[in-house]
Amino acid sequence: MAAALDQARAAAVRGEVPVGAVVVDGRTGEILAGAGNETEGRNDPTAHAEVLALRAAAQRLGTPRLEGCDLYVTLEPCTMCAAAIAFARIRRLCFGAYDPKGGGVEHGARVFEQPTCHHRPEVVGGLSESECGTLLKRFFEQRRT
């Protein structure tokens, strides 16, 4: 989660909502890819940290399926990202802060609980929750002043 937090902090410096994600090889612990949000910089509503990290890991491994890989992300993934996680066949999703308004895993659409979801990763929520949540809160407080 420390590497995902580093990605989130870098996103904040770029003026992006501070969400970071890293894909890790579940067998070796090697970080395969990492990213922070880039929706503003790319003018791309799909450039969420999770999607960018999944794309980079798939490119690196030369496969669209990331079986055996774990995803660490600082915020509960939205519905779009949860669907991408399922399509990528991520083994385990670990996220930091819960997102009651925009989350799609434990809140909202609850993508992995839908009968149409073909793959359900193991989910661990609340990892470094306080630190992840504080980063987001401070970012938005500074934007409002």
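Start at 1 with the first residue, then count along the sequence.
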Inset, instruction - Please answer whether the main-chain N or O of Arg91 pairs with a side-chain N or O of Glu122 as donor and acceptor at a distance below 3.5 Å. - result: no
Inset, instruction - May I ask you to check whether over 12 heavy atoms, not counting those of Gln114, lie within 6.0 Å of atom CD? - result: yes
Inset, instruction - Group every Ile, Leu, Val, Met, Phe, Trp and Tyr by side-chain heavy-atom contacts under 4.5 Å, then state whether Val19 and Leu54 land in the same group. - result: yes
Inset, instruction - Using modelled atom types only, decide if a donor and an acceptor are shared between the side chain of Asp25 and the backbone of Cys69 within a distance under 3.5 Å. - result: no
Legend entry - Atom of Leu52, atom of Arg42 and distance for their closest heavy-atom approach: CD2-NH1, 3.7 Å
Legend entry - Shortest non-hydrogen contact from Thr39 toward Pro45: CG2-O, 4.0 Å
Inset, instruction - Verify the cluster assignment for Tyr98 and Met80: are they in a single hydrophobic cluster under the rule of side-chain heavy atoms below 4.5 Å apart? - result: no
Inset, instruction - Grab the two heavy atoms, one from Ala84 and one from Val51, that are nearest each other, plus how far apart they are. - result: CB-CG2, 4.4 Å
Inset, instruction - Identify the heavy atoms of Gly15 and Arg143 that sit nearest to each other, and give their distance. - result: O-NH1, 3.8 Å
Legend entry - Partner residues of Arg120 under the salt bridge (charged side-chain N to carboxylate O under 4.0 Å, His left out) criterion, sequence neighbours left out: none
Legend entry - Same apolar cluster (I L V M F W Y, side chains within < 4.5 Å links), Met1/Ile31: yes
Legend entry - Polar side-chain atom of Glu76 near backbone of His107 as donor-acceptor pair, under 3.5 Å: yes
Inset, instruction - With salt bridge (charged side-chain N to carboxylate O under 4.0 Å, His left out) as the test, would you mind laying out the steps for Glu131 and Arg9 before giving the verdict? - result: CA-CA 11 Å; Glu131 189 173 0; Arg9 288 185 197 99; 2.7 Å; yes
Inset, instruction - First locate atom OH of Tyr72, then atom SG of Cys132, and finally report the distance between them rounded to the nearest 0.5 Å. - result: 12.5 Å
Legend entry - Reference residue Arg138; test side chain to side chain contact (heavy atoms under 4.5 Å, CB included); the match among Thr134, Leu135, Leu136: Thr134
Legend entry - Glu30 bridged to Arg60 by N-O distance under 4.0 Å: yes
Legend entry - Backbone of Gly96 reached by a side-chain donor or acceptor of Ser128 within 3.5 Å: no
Inset, instruction - Please check if Val23 and Leu61 belong to a single hydrophobic cluster, counting links between Ile, Leu, Val, Met, Phe, Trp and Tyr side chain heavy atoms closer than 4.5 Å. - result: yes
Inset, instruction - Please report the closest heavy-atom contact between Ala53 and Ala33, naming both atoms and the distance. - result: O-CB, 3.6 Å
Legend entry - Nearest heavy-atom neighbours spanning Ala58 and Pro64: CB-CA, 4.4 Å
Inset, instruction - Check whether the side chains of Thr46 and Asp44 place a donor and an acceptor atom closer than 3.5 Å, and report yes or no. - result: yes
Legend entry - Same cluster (ILVMFWY, side-chain, under 4.5 Å), Leu32 and Phe95: yes
Legend entry - Between CD1 on residue Ile85 and CD1 on residue Ile90, distance to nearest 0.5 Å: 7.0 Å
Legend entry - CZ (Phe139) with more than 12 external heavy atoms under 6.0 Å: yes
Inset, instruction - Please answer whether the main-chain N or O of Val17 pairs with a side-chain N or O of Asn37 as donor and acceptor at a distance below 3.5 Å. - result: yes
Inset, instruction - With sequence neighbours excluded, tell me which residues meet side-chain contact (heavy atoms from CB on, under 4.5 Å) with Arg14. - result: Ala10, Ala11, Glu16, Glu38
